[in-house]
Amino acid sequence: MDLDKLRETAAEVAGRDDVKYLIGWKKGSYGYRIAPAFVEDVEAAAELIFSPLCTANLATYLTLVEKLPLPRGQEPDDRKVALMVKGCDSRAVAQLLAEKGIHRDEVIVIGCPCPGMVDPDLLAEKYPETEEPAELKWSDDGFVIVRDGEETAVPRDELLAEKCRLCRYPNPVVSDIMLDDPVETWEPAEDEGVTEIEEKEVDGRWAYWQEQFSNCIRCYSCRNVCPLCYCQDCILDRLNPTWVNRSVNFSENTAFNIARAFHLAGRCIECGECERVCPANIPLGKLNRKLAREIRDKYGFEPGLEPEGEPFQASYKPDDPEDFIL
Amino acid sequence: MSANYEPNIVAFLCNWCSYAGADLAGTSRVQYPSNVQIIRVMCTGRVNPLYVVNALQQGADGVLVSGCHPGDCHYMEGNYFARRRLGMLKDLLEFAGVDPRRFHMSWVSASEGHKWKEVVEKTVEDAREAGPFEGFRRRQIDW
Amino acid sequence: MSAMLLNKEKWPDFVGKLTGKKLWAPQGKGEEMRFAPVTEGEAPALEYGNTRVPPKQAVFPQTETMFRFQLGGEEVEVPEPEEETVLLGVRPCDARSMAIVDNLFGWEEDDPYYFKRRELVTLVGLACSEPGLNCFCTSVGGGPASTEGLDLLMTDLGEHYFLEAVTEKGEALLKEAGDLLEEAGDDKVKEKDKKIEESAGKIKRSVDHEGVPESLPGLWDDPLWQSVSASCLGCGTCTYLCPTCHCFDIQDEVEGFDARRCRMWDSCMFGEYTLHTSGHNPRPTRRERTRNRINHKYSYFVDKFDVIACVGCGRCINLCPVNIDIVEILRQVKEAI
Amino acid sequence: MKTNENPYIPYFATVEDTWFETGGERAIKTFKVVFDDEEVRKNWSHRPGQCAMIGVLGVGESMISISCSPTEGEFLRFSVMKMGKVTQALHQLEAGDKMTVRGPYGNSFPLEKWEGKHVLTIGGGIGQAPMRPVVEYVKANYEKYGGLTMIYGARTSGDLCFKNEFEEMARDEELSCHLTIDIEEEQWGHNVGFVPQILLDVNPSPENAIAVTCGPPIMIRFVLENLKKLGFEDDQIYTTLENRMKCGIGKCGRCNAGNMYVCKDGPVFNYATLKEIPEAFA
Amino acid sequence: MIEKPKIGVYVCHCGINIASTVDVETVEEYALKLPNVEVARTYSYMCSDPGQALIKEDIKEHGLNRIIVASCSPRMHETTFRKAIQEAGLNPYFLEMANIREQCSWVHQDMEEATAKAKKLVTASVAKVRLLEALESTEVDAEPAALIIGAGIAGIQAALDIADAGFKTYLVEKTPSVGGRMAQLDKTFPTLDCSACILTPKMVDCASHPNIELLTYSEVEEINGFIGNFDVRVRKKARYVDFEKCTGCGDCAKECRVADRFPSEFDEGMGKRSAIYLPFPQAVPAKYTIDPEQCLYLTRGKCGKEPKCQEVCGADAINFEQEDEYVEFKVGAIIVATGFDPFDPSRKPEYGYDDYPNVITGMEMERLVSASGPTGGKVLINNGKEEIEPKEVAFIKCVGSRDESVGNEYCSRVCCMYTAKQAHLIREKLPDANIRIYYMDVRAFGKGYEEFYDRVRRENVRYIRGNPSEIFKRGNKLVVKAEDTLTSTPLEDEVDLVVLGVGLEPRAEMRQVMDLLRLSQSGDRFFLEAHPKLRPVDTATEGVFLAGCCQGPKDIPDTVAQAKGAASSAMIPLARGSVTIDAQVAEVNEATCRGCGFCVEICPYSAIEMVTVNRFGHEIEVAKVNEALCKGCGSCSPACLSDSIQPKSFRDRQILPQIAALGAMK
């Protein structure tokens with residue numbers, strides 16, 4: 001993608017009077033890190049980037065802003081938020097629109113067709129991070145790592161993130177401005193991670209998740225990063241009634257994680273952020289992707305494609321599968 | 001699993017069909033195992049799928065949700081919503097390694113006292129085979 | 001302070017001497033290392049960067065039963081104290097964090113749960129030879145071989161571990177090891193010092209906190225708080241993984257008629273943390289919460305206990321999903337002053 | 001004093017009497033409680049301004065200010081507004097029921113220091129609860145003080161706590177007791193108007209006086225403003241803070257306001273200190 | 001909830017029904033140990049007067065505020081005990097029943113097991129009852145007015161009854177005149193009253209009734225609200241004729257440039273009318289209407305130099321500028337009387353209705369025999385050359401009824417009688433004609449019907465049992481091909497005129513009304529009543545009633561009877577002036593609602609809407625339950641991710657403790 005065009009467009013949008021700020025990506029403080037950038041003025045747009053490191057789904061910031069009580073007489077800030085989105089991120093926007101989590105006139109969606117992101121963990125493991133911020137670029141057949149002026153070409157398959165291997169919508173499904181021509185979509189890979197677990201015996205599956213969930217520290221980063229977990233008052237935080245106890249142990253962690261995944265049934269757009277941010281490296285995406293797969297296969301439904309689509313959890317079809325019913 | 005293990009089952013029944021069906025089983029003096037404890041709700045549409053998770057966590061070895069046959073819902077469509085929600089939950093639980101024999105859903109109408117008996121027997125038998133679900137008990141850790 | 005050498009070949013025997021005590025050591029793979037009980041008869045390998053979750057859980061478990069009771073009853077039962085535990089391979093920064101947190105838990109009156117565990121725990125440290133990318137312990141009063149908080153410090157000298165007792169508990173351990181050890185000569189002491197120096201030299205990041213504790217409150221309304229917190233997700237990663245973070249919640253949990261009162265880690269980054277029942281929240285947004293986190297570590301705590309509540313372990317930087325970097329924040333703070 | 005070695009273990013106390021101060025969604029109920037253990041009862045001492053952690057086992061605890069003066073007898077009084085889970089459970093308690101009590105916690109009003117001075121209390125709504133022990137204490141030791149002025153208001157007469165007590169006080173000519181409600185009501189024989197305004201009307205002299213205030217944040221803000229207008233210096237003004245608390249003993253971190261632990265460094269603050277803590281009035 | 005729960009547990013022996021399998025004393029002892037249980041008792045028959053008295057006394061004496069009755073199914077006696085505790089001064093919703101009979105003692109034999117289960121059920125009840133909240137059913141004022149959709153005989157009758165009772169009544173009719181199907185009929189069976197003669201006075205009454213507001217040539221566009229409080233919006237279509245000025249003289253129709261060019265709907269297309277027309281001479285109101293699809297001026301913008309009608313109208317009533325008008329009003333009850341469509345015999349091509357002019361429908365026959373009809377009451381056919389009287393007349397019954405091939409399994413109930421009536425009318429007019437009726441069965445079930453059928457048969461009308469398979473033309477004759485199934489004789493019957501006894505079908509446009517009022521269809525596609533036996537005029541939407549053929553085929557007496565029934569049902573809320581709203585409805589926690597609207601999508605009763613509220617200066621959308629529409633099913637609740645909508649008495653905080661109690665007890 002042409003970064004100059006990106007910055008130019010961003011500067012133009014961020015400079016508009018009816019725009020509060022533009023959210024994009026910028027280089028992080030070290031290594032391969034990328035930080036969300038909140039661009040309020042034209043100058044700040046110069047630090048924006050779009051690279052194979054921009055895994056973060058910024059759509060979560062649309063609903064994260066706290067609405068503080070306004071002093072009497074003060075009008076709320078109704079200016080728009082501009083948001084840079086990849087294909088997966090745009091599905092979050094579409095789903096938010098469908099759920100009225102945001103309104104169409106509150107956002108300006110800037111679409112970034114996405115050739116695929118790298119897996120940051122894999123990258124750091126194979127090409128250790130250094131203190132200086134590094135750059136990554138796309139090449140025709142993969143990625144190029146630029147560190148200390150030196151370029152290393154890496155084949156796409158070596159570093160492509162799992163969520164991107166599985167991706168079916170690399171191009172934004174909703175946008176106001178497109179920064180580039182659509183990328184050519186690729187054949188999504190088989191979701192081996194999910195299949196592998198499906199193929200285990202029931203006890204094996206339980207043991208697998210028991211190990212995973214035991215590591216959960218309930219930091220709630222999976223929930224907080226999720227663009228579709230935007231209840232101001234999450235039921236899993238609530239004490240009256242208590243769905244999940246505050247104590248951290250396998251039982252509560254399991255209940256928490258099942259409930260979280262279930263609340264995203266028919267809503268998860270598979271951006272993989274929950275899994276990326278988990279400090280305990282729990283493969284949370286598998287839970288979501290399993291449900292998404294079932295919903296796609298059995299119910300013929302995919303969330304986050306139509307800004308005016310009907311919500312899966314609030315609809316039914318008379319011929320929904322019922323082979324599980326006694 | 002001890003030989004005399006009796007599974008503890010929590011069942012959610014809709015007021016109009018299944019609860020009435022269970023009443024009919026009683027009126028007809030149909031005999032069935034006593035392991036199933038019924039919680040009455042107005043409609044299966046009321047059953048939050050997380051109740052199932054909660055019941056398993058709180059000490060149930062099996063959970064049953066039963067309502068009106070499709071098209072017969074007293075509230076027109078509640079059971080359709082329940083079917084979709086609980087169908088998804090069943091998939092998720094299985095994937096998480098919860099024995100599928102621990103959770104069942106059934107349609108039992110107000111006139112199906114005998115079917116109610118069959119459903120209870122099947123649920124109890126399945127939960128018995130699956131064994132006590134100690135692995136998920138809320139109180140297993142650090143009490 | 002006696003300095004001893006342990007040939008690495010004898011490491012399993014050394015560990016073997018500790019039977020009867022609960023052993024904890026870093027386990028897992030790669031990035032996911034965390035302290036966990038050691039299987040009996042095994043000698044844990046100590047090659048690792050640092051654990052993802054700090055060993056504070058050994059003295060301040062994430063969830064801890066304070067007492068049990070029956071609903072409607074009038075008696076409470078406090079759980080029996082844990083057995084003696086030895087933590088092997090604690091990084092000096094993490095040990096130092098306990099020394100720092102001791103201040104708070106011992107402030108005016110002792111927290112019985114914390115100190116009961118603290119007394120039962122022996123910390124066997126391992127000096128850092130390969131500091132991580134985001135380590136900055138040297139600039140906040142620590143170092144790769146800081147002994148603060150430790151009972152015994154080991155330094156890897158290749159063939160040997162260089163052992164130095166810091167406390168009586170550490171001495172006792174050395175005594176127990178007895179003939180497995182040999183006296184460390186001056187050359188080894190020098191070798192060790194050199195190693196540590198090298199290690200310290202590898203630390204790239206640092207914070208300059210001079211004047212910060214006094215000046216931070218003055219930056220209360222500085223725009224920097226808005227900009228550094230804009231991307232914050234409000235999750236608990238930074239605080240849960242921080243070895244010096246010590247806030248907790250207390251909850252009653254009921255199961256039938258059995259109940260317990262327990263406490264669990266809490267995080268000032270959660271909105272609910274300061275939320276009053278009335279709905280009023282003195283720290284209503286992520287801005288106030290982020291500001292509080294930095295203020296608490298670099299100003300309030302210093303004010304009360306004369307020490308910065310940050311040991312420079314770099315965990316909050318490593319694991320923040322959105323690259324909120326405390327070193328960077330401190331740089332901006334410094335600039336703003 | 002017999003103490004539980006473990007400060008987290010509460011004492012059991014029996015509710016001796018309860019009554020409602022106010023009604024409605026957020027009713028205020030007062031509990032008069034007595035420790036079960038005689039030794040605890042004998043050895044317990046608290047000072048006006050201090051709080052206690054009271055609760056119901058299985059539900060939880062809440063920090064509540066002790067609304068009686070130690071001069072009143074071997075019992076404790078708590079006035080609790082029904083807000084959340086714990087206070088709801090507390091509201092269910094009746095005479096004969098058990099509650100748990102830990103404490104006393106926090107600092108207190110420096111009443112000795114105030115001896116010889118005129119004490120002015122300005123309270124609003126439930127904020128009068130920590131004021132009451134001050135009033136009672138000064139009344140009990142009246143000869144030591146230069147006088148007592150009390151201003152207390154609420155939205156309506158139904159929202160006034162300790163109404164009967166205060167109405168009696170208001171009839172006492174020696175005391176300067178001013179009750180007020182926001183809006184005129186029939187058969188209301190006292191002031192009408194907001195507390196800060198009544199304060200101006202009463203026009204107390206700052207000369208050798210101490211002002212103590214507690215109430216809703218907005219009221220405090222205007223009271224402070226008006227006290228300044230009347231010539232009160234920062235160090236003549238005291239207030240008490242109320243933050244979310246869990247442990248009560250300066251460990252859990254919940255109640256921090258700036259570098260203060262409200263449970264230990266507070267709840268009573270001199271305004272000179274408090275105004276340096278921006279978070280205190282957040 | 002402020003008060004401390006004080007629970008009384010009442011364990012019923014139910015004679016030996018419970019006591020023989022459940023050790024009730026043990027359950028009683030056990031219950032006493034449960035938290036907040038102050039009193040526990042057993043009694044032989046809890047539901048008996050002394051049993052209820054026991055509970056009431058305890059409530060008074062011990063200050064109990066929550067009651068658990070462990071006895072039979074709540075479906076049996078919940079109301080009984082609710083009433084009982086209410087009489088003792090408790091909120092009736094502070095009751096929970098533990099079903100230890102139908103679901104315990106009767107289905108388990110082992111005393112130990114059954115007793116253990118009874119204990120569990122009581123525990124779960126205790127867990128829940130402590131958390132129940134006092135509910136009050138609310139009264140909402142009802143607007144003392146009714147809306148009737150459709151002004152056929154059903155609508156007219158219902159309107160007259162309601163209006164006579166003193167309530168404002170809005171009668172909305174889609175066509176320019178009231179009267180409906182009945183106005184088209186000639187005589188009525190079996191009494192042979194002149195249909196118009198008995199109907200027109202009612203039509204006139206309707207128009208002149210001070211309480212009736214007639215809205216003809218109008219359609220209901222929007223209905224919101226609920227029983228007692230429906231907000232209605234009606235579109236009055238432009239007639240292009242000033243309603244006030246038109247005198248109904250008819251000069252315009254005569255002078256219309258396209259006079260008598262268009263098939264008259266009233267005459268089933270057998271007569272003609274102009275572009276400006278009165279549907280039929282007795283139409284009410286007697287006001288002309290311009291058909292916008294036919295008027296030259298309206299379709300082409302030009303009609304000669306000046307439209308003729310405008311030219312001749314002495315009252316200056318023609319107004320081409322007229323636009324649709326909207327009227328809005330409020331009513332407390334609604335009656336749907338939208339009638340039926342006659343079956344379209346084109347769907348049975350074997351009868352050649354589309355091909356042969358002398359194959360006509362029963363409705364067409366009505367117009368043909370009617371003195372006001374296109375032939376002035378003469379039964380004439382066209383033999384290709386001239387209009388003649390038919391000699392051979394055949395009727396075919398059950399056309400489009402009892403016929404799976406067209407999707408109508410039902411009997412249309414009127415065809416047997418109207419064919420008999422028409423046979424009789426033809427017999428009167430053509431004494432020499434040969435008349436035969438092909439039939440499957442003859443259903444003459446009403447008062448005087450069998451007698452009438454007998455009379456017609458005696459009038460030399462031949463009944464041939466057998467459904468014709470085909471009609472074709474041979475020369476000038478129509479050939480009805482059939483089989484006389486009684487004699488198993490194949491027939492090829494040559495006739496001049498065939499009358500198809502077409503059945504009744506649901507209105508094609510009923511979907512619109514269904515959506516407006518959230519009505520359902522039954523299997524026959526007519527509107528579904530609330531209960532086929534006991535609530536035949538009610539619908540699932542409270543306050544909405546059915547009258548006439550929209551609910552199913554009916555003859556006139558049944559239609560009038562049902563209309564009167566619907567009117568009297570509709571008048572209940574109007575007369576009471578208020579409606580009671582059940583207390584067990586859903587409630588939204590506005591503070592946590594995130595405004596996603598999932599609940600709105602789900603609610604089968606449209607009881608939830610999004611409203612804008614101001615939350616500390618921010619305008620946000622939250623869900624709001626209309627308690628009058630909510631039935632308390634709770635389907636909305638699990639879809640609410642923030643748990644912000646909960647049915648009262650079945651809240652999460654009431655159900656989760658039940659689960660905990662059942663789970664914790666091994």
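Note that the coordinates shown come from a computational prediction; the quantities given were computed from them, not determined experimentally. Reminder, nothing fancy here: chain letters follow the sequence lines and each chain counts from 1.
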Among residues 77-101 of chain B, which ones touch chain E with a heavy-atom distance under 4.5 Å?
-> E77(B), G78(B), F81(B), R85(B)
For chain E, which residues from residues 10-46 of chain B lie under 4.5 Å away (heavy-atom distances)?
-> V10(B), F12(B), N15(B), W16(B), Y19(B), A20(B), A22(B), D23(B), A25(B), G26(B), T27(B), R29(B), V30(B), Q31(B), Y32(B), P33(B), S34(B), V36(B), Q37(B), I38(B), I39(B), R40(B), V41(B), M42(B), C43(B), G45(B), R46(B)
[X]-[Y] side chain donor-acceptor pair, cut-off 3.5 Å:
X       : Y       : value
K117(E) : H108(E) : yes
S106(B) : S66(B)  : yes
Q646(E) : D652(E) : yes

Max heavy-atom pair count under 4.5 Å with chain B, selected residue of [options]:
options                           : answer
G634(E), S635(E), C636(E)         : S635(E)
E113(E), R75(E), R101(E), Q658(E) : R75(E)
L656(E), I602(E), D110(E)         : I602(E)

Has H74(B) got more than 12 heavy atoms of other residues, nucleotides or ligands less than 6.0 Å from its NE2?
-> yes
List for me each residue that meets side chain to side chain donor-acceptor pair (under 3.5 Å) alongside Y605(E), sequence neighbours excluded, and say none if there are none.
-> none
So does [X] pair up with [Y], basic N to acidic O under 4.0 Å?
X       : Y       : result
D61(B)  : R137(B) : yes
E78(E)  : R82(E)  : yes
E121(B) : K117(B) : yes
R651(E) : E133(E) : yes

Mark yes or no: R102(B) above the aromatic ring of F133(B), with NZ or CZ under 6.0 Å from the six-membered ring centre and no more than 45 degrees from the axis.
-> yes
Heavy-atom distances under 4.5 Å only: say whether A660(E) touches chain B with side chain, backbone, both or neither.
->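 Contact with chain B: backbone and side chain both.
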Non-hydrogen atoms of chain B under 4.5 Å away: do they reach the side chain of A661(E), the backbone, both or neither?
-> neither
Salt bridge (Lys or Arg N to Asp or Glu O under 4.0 Å) partners of K115(B), counting only residues at least two apart =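 Expected list: none.
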S642(E) to T592(E) - nearest heavy-atom pair and separation | OG-O, 3.3 Å
Please state whether the side chain, the backbone, both or neither of V120(B) comes within less than 4.5 Å of a heavy atom of chain E.
->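 No part of V120(B) comes within 4.5 Å of chain E.
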